[in-house]
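Note: hydrogens, waters and symmetry copies are ignored here, and every other heavy atom, side chains too, is used.
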Amino acid sequence: MQRAIERRGIPTVSVTVARDVTEHAKPPRAVFVPFMMGHHFGVPFHRELQRRIVREALGRLAEAEQSGEIRDIPVTWAQARREGIAIERGMGLRDERRPE
Amino acid sequence: MTATSSDRGQLRPGLWATVNERYPGSMITKRDLVPLARLAKPLAESRLTFVSTAGVQPKGTLPFDVAHPVGDYSFRRVPSTATPADLEIHQLKYPTAGANRDLNVIFPIERLRELAAEGTIGGLTPSFFSFIGYNMDPERLERTLAEEIAAAVAADGAEAALLAPA
Amino acid sequence: MSLQYLKDAADRGDAEALIRYVRLHLGDGDEARGRAEIDKAWVEALKPLLDVPPTDRAFIHETLATKDPATLAHLFFDLHFYLVKRSGEWIHDGNL
């Protein structure tokens, strides 16, 4: 899919949570995040993290020099979850008494 | 499943091998690399599209076919002006726990609009593009759906594309 | 190429490979769960009929008589998911 778009002269970048799958599929540009499947842009209500993943991925559009390169974004799922829980507490969305 | 150099850091190690063992031949392996296309203009002046395999679709459109044993090879246009309340997910094969509470974790439509409004991105295409990642015929996907979406992306005036393969 | 794998299995009459695939599909990648899901769908199909309510037999007859085999097979898969959804136990949370 990504390769088909790139072949039309449109630069592409994907966000992947499965580095091994991406290494097999060899899209032109990718960033890897060690997040849960289905959570490529982080955790609910964590706007800053979601924006950061998008921006870092889009940064590759101008910066990447080699097709097939997968760039790590230095984030961890544990920290994303911790920050997400704190944000939800702040929003009153999470019951303080319920341990996570 | 032992971790290899290629899945270091992955929350779900050995995914490629696991899926390939369960659904033999369904995983794509490419040997060649596609030459990089270049941004004609800076990102702040470029029109971006977004392509997702997450099964996100506007409410009221024909639900993706999650029952068919060979998969669904159609796609939906998602207006880039849509709100999460306008959209729903039809897809069984990845966890939607986060997306059910905040769609932006898999389909960051609000974040992309913000970045466009702030000028980080030049603009957004009228449509984003969505399909489901479950399919048993990758050759057909590549031959039909990939080309149809690529043509639609180009026709929508995209100058750059962000993808999120679920 | 996976479709070809299934077609080859069908051609050589390898029912084991085909049923394994069906269980994987219905169990989201977990064969044992897929087997349980098939049983669950049949139980759910049985339950609404135990009181022997009137059903639209003409519709069923006409559907079977007029629809092509592929549409009927597709309906069979859809009915599976319809029935397991009715059971109230939905395993399809994507955690394959």
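- Across B:Val51, B:Leu115, B:Leu141, B:Val153, the residue that shares the most heavy-atom pairs under 4.5 angstrom with chain A is B:Leu115.
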Could you check A:Arg55 against B:Thr120 for side-chain contact (heavy atoms from CB on, under 4.5 Å), going step by step and ending with a plain yes or no?
CA-CA 9 Å; A:Arg55 293 175 74 126; B:Thr120 305; 4.0 Å; yes
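- With chain A as partner, the option from B:Leu43, B:Asn104, B:Leu112 having the largest number of non-hydrogen pairs under 4.5 angstrom is B:Asn104.
- With hydrogens and angles disregarded, no donor-acceptor distance shorter than 3.5 Å links the side chain of A:His24 to the backbone of B:Met27.
- Considering only heavy atoms from C-beta on, B:Glu110 stays 4.5 Å or farther from A:Arg47 through its side chain.
- Among the candidates B:Ala99, B:Ala154, B:Ala150, the residue making the largest number of heavy-atom pairs closer than 4.5 Å to chain A is B:Ala150.
- Between A:Val17 and B:Gln10, the shortest heavy-atom contact is O-CG, 3.3 Å.
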Determine, stepwise, if the pair B:Leu15 / A:Met37 fulfils side-chain contact (heavy atoms from CB on, under 4.5 Å).
CA-CA 10 Å; B:Leu15 189 67; A:Met37 284 171 69; 4.2 Å; yes
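- Annotation for A:Ile10 and B:Ala161: closest pair CG2-N, 4.2 Å, computed over non-hydrogen atoms.
- Closest approach of B:Pro165 and A:Ser14 over heavy atoms only: CD-CB, 3.9 Å.
- Under the 30°/60° scheme for interplanar angles, the aromatic rings of B:Phe50 and A:Phe41 are found to stand perpendicular.
- Side chains of B:Ile106 and A:His39 form no contact here, defined as non-hydrogen atoms less than 4.5 Å apart.
- Annotation: maximal heavy-atom pairing with chain B below 4.5 Å, among A:Glu6, A:Gln2, A:Arg3, occurs at A:Arg3.
- Here the closest non-hydrogen pair linking A:Met36 and B:Pro95 is CE-CB, 3.7 Å.
- The greatest number of non-hydrogen atom pairs below 4.5 Å with chain A, out of B:Glu147, B:Glu159, B:Glu114, B:Glu142, is found for B:Glu114.
- Among A:Leu58, A:Thr16, A:Leu49, the residue with the largest count of heavy-atom pairs under 4.5 Å with chain B is A:Leu58.
- A 4.5 Å side-chain heavy-atom check between B:Leu11 and A:Pro34 finds every atom pair outside the cut-off.
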Worked verdict on B:Leu163 versus A:Val15 for side-chain contact (heavy atoms from CB on, under 4.5 Å)
CA-CA 6 Å; B:Leu163 295 89; A:Val15 177; over 6 Å; no
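- Nearest heavy-atom pair across B:Leu162 and A:Ala57 is CD1-CB, 3.8 Å.
- Here the CZ-CG distance, from B:Arg101 to A:Leu93, works out to 7.5 Å after rounding to the nearest 0.5 Å.
- Here the straight-line distance linking atom NE2 of A:His40 with atom OH of B:Tyr94 works out to 9.0 Å at 0.5 Å rounding.
- At least one donor-acceptor pair closer than 3.5 Å links the side chain of A:Lys26 to the backbone N or O of B:Lys30.
- Here the closest non-hydrogen pair linking B:Gly98 and A:Pro44 is O-CG, 3.7 Å.
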Worked verdict on B:Trp16 versus A:Glu23 for side-chain contact (heavy atoms from CB on, under 4.5 Å)
CA-CA 10 Å; B:Trp16 189 92; A:Glu23 287 195 354; over 6 Å; no
